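Here's the structure we're looking at; comments come further down.
Source: prediction; values computed, not measured. Note: hydrogens, waters and symmetry copies are ignored here, and every other heavy atom, side chains too, is used.
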Amino acid sequence: QVQLVESGGGVVQAGGSLRLSCTASDGTFSDFAMGWFRQRSGKEREFVAAVTWSGTATDYADSMKGRFTISRDNAKNTVYLQMNNLKPEDTAVYSCAAARYGLDLDRAVGYDYWGQGTQVTVSS
């Protein structure tokens, strides 16, 4: 069982930046592809970004390309989401997830473990 704990959420003004972190309890963190999803109020969960086991390949939702960057540090069992030029519509609960098999990384069904999420609020 892998436990994921997110941190770094908060309130920021439009145009600002935040860096989210997600730390895994399992020492085999490098065996998992990792992803970030978000859920806005009244909306379905949506894909944000994903990174492969080694960190050499990444994928982003179109609306996040150029603003968000996903990265990982396997020595620290941590995946990051750097969010720049934030907009009010980015307000959501952001959750990280771990995928053992690396398939369908842009879909929630592709992930085996989930964190509880961290709230990001962008004020206009």
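Criterion: ILVMFWY side-chain heavy atoms under 4.5 Å apart, direct or through other members. Under it, Y113 and V79 are part of a common hydrophobic cluster. Connection of F37 to L18 is not established within any shared hydrophobic cluster, with ILVMFWY side chains joined at heavy-atom distances below 4.5 Å, either directly or through further cluster members. If you chain together hydrophobic residues whose side chains sit under 4.5 Å apart, Y80 and W114 never meet in one group.
Using modelled atom types, no side-chain atom of D106 and backbone atom of A50 make a donor-acceptor pair closer than 3.5 Å. The closest donor-acceptor contact from the side chain of Y111 to the backbone of L105 lies under 3.5 Å. Judged purely by atom type and a 3.5 angstrom limit, T121 has no side-chain atom pairing as donor or acceptor with the backbone of V11.
For the pair Y94 and M83, the minimum side-chain heavy-atom distance is below 4.5 Å.
Every pair passing salt bridge (charged side-chain N to carboxylate O under 4.0 Å, His left out) that includes a residue from residues 77-104 is listed here, sequence neighbours excluded: R38-D90, R67-D90, D104-R107.
Looking at residues two or more places apart in sequence or on another chain, you find a side chain to side chain contact (heavy atoms under 4.5 Å, CB included) between Q3 and S25.
Rounding to the nearest 0.5 angstrom, the gap separating the OG atom in S21 from the CZ atom in R72 is 13.5 Å. The distance from atom OG1 of T78 to atom CD of E6, rounded to the nearest 0.5 Å, is 11.5 Å. Remark: L81 CG to S95 OG distance equals 11.5 Å, nearest 0.5 Å. Rounded to the nearest 0.5 angstrom, D73 CG and S30 OG are separated by 11.0 Å. To the nearest 0.5 Å, atoms CG (N74) and CE (M34) are separated by 9.5 Å. Distance check: L86 CG to T91 OG1 gives 8.5 Å after rounding to the nearest 0.5 Å.
Minimum interatomic distance between A92 and Q119 (heavy atoms only, all atoms of both residues): O-NE2, 3.4 Å. Considering every non-hydrogen atom in both A99 and G110, the closest pair reads CB-O, 3.3 Å. For the pair S17 and N84, the tightest heavy-atom approach, listed with the atom from each and the gap, is OG-OD1, 2.9 Å. Closest approach of G102 and A33 over heavy atoms only: CA-CB, 4.4 Å.
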Test K76 against F29 for side-chain contact (heavy atoms from CB on, under 4.5 Å), laying out the working first. CA-CA 9 Å; K76 296 182 178 179; F29 175 75; over 6 Å; no
Would T23 and L4 satisfy side-chain contact (heavy atoms from CB on, under 4.5 Å), going step by step from the backbone distance to the final call? CA-CA 6 Å; T23 300; L4 303 173; over 6 Å; no
Give the C-alpha distance, both sets of side-chain angles, the deciding distance and a yes or no for side-chain contact (heavy atoms from CB on, under 4.5 Å) between S71 and Q82. CA-CA 8 Å; S71 61; Q82 177 68 43; over 6 Å; no
Working for side-chain contact (heavy atoms from CB on, under 4.5 Å), residues M64 and D62: CA-CA 5 Å; M64 286 68 160; D62 287 343; over 6 Å; no
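Taking the six-membered ring for Trp, W36 and F68 have ring centres at least 6.0 Å apart. In summary, the aromatic rings of F47 and Y60 are positioned with their centroids too far apart to meet the 6.0 Å limit.
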